[in-house]
Amino acid sequence: MHLPETGTLHPLVEPEWLEKHLDDPDLRIVDATVQVKLWPFPRIRSGRREFKRSHIPGATFADLLKISDPQRSSYTFTMPTAEWFADHMGRLGIGKGTRVVLYDALSSG
């Protein structure tokens, strides 16, 4: 989906657009679900288990807890170095020229 005035890709896509482009070779669909529970005590965990049960066809899973800066493991979701991030994105098949649709399953599980 392109913005008419600029010709650039719109930051949000509709499900119908995604369905039409599922097989595009330059498109990677990434589930980045993180589950957050606040009660009875705060808990954050990866959404990988739910991804294995159900996900958009052709999607891969980005574990944000593992992509975070390993040098600052006592903090959650810290920005890793560019090299660390690029390495993890490369493992997901994402590189220069790749279009990415990133989604969260909206689970609070």
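Computation of the quantities below employed the complete heavy-atom set of this structure, encompassing side-chain atoms and omitting hydrogens, waters and symmetry-equivalent molecules. All residue numbers in this chain count up from 1 along the given sequence.
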Is the number of heavy atoms from other residues, nucleotides or ligands within 6.0 Å of CG (Asp26) greater than 12?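 Enclosed.
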Would you give the length of the straight line joining atom OG1 of Thr98 to atom CE of Met89, rounded to the nearest 0.5 angstrom? 11.0 Å
From CZ (Phe51) to CG (Asp63), nearest 0.5 Å: 11.0 Å
Would you sort out whether Arg99 and Asp24 count as a side chain to side chain contact (heavy atoms under 4.5 Å, CB included), showing the intermediate values? CA-CA 9 Å; Arg99 297 179 298 160; Asp24 288 4; 2.7 Å; yes
Close side-chain approach of [X] and [Y], heavy atoms under 4.5 Å:
X     : Y      : result
Gln35 : Ile44  : no
Glu50 : Phe61  : no
Trp17 : Leu12  : no
Thr60 : Ile29  : no
Val30 : Leu102 : yes

Might you work through the side chain to side chain contact (heavy atoms under 4.5 Å, CB included) test for Ile56 and Val101, ending with a clear yes or no? CA-CA 11 Å; Ile56 294 173; Val101 171; 6.0 Å; no
For the backbone of Thr33 and the side chain of Asp31, can you confirm whether one donor and one acceptor N or O come within less than 3.5 Å of each other?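 Such a contact is found between Asp31 side chain and Thr33 backbone.
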Would you check if the side chain of Arg28 reaches a backbone N or O of Leu92 as a donor-acceptor pair within less than 3.5 Å? yes
Tell me whether Glu14 is salt-bridged to Lys20, with the criterion being a basic N under 4.0 Å from an acidic carboxylate O.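 Between Lys20 and Glu14 there is no salt bridge, as every charged N stays at least 4.0 Å from the carboxylate O atoms.
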Any chain of hydrophobic side-chain contacts (each under 4.5 Å) joining Met79 to Trp84?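 Result: no, two separate clusters.
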Joint hydrophobic cluster, Ile67 plus Val100, side-chain heavy atoms closer than 4.5 Å: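 Yes: a chain of side-chain contacts under 4.5 Å links Ile67 to Val100.
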Looking at every non-hydrogen atom in both residues, tell me the closest pair between Ser68 and Pro80 and how far apart they are.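 That would be C-CB, 4.2 Å.
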Of the non-hydrogen atoms in Lys66 and His88, which two are nearest, and what is the gap between them?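 The pair with the smallest heavy-atom distance is O-NE2, 3.8 Å.
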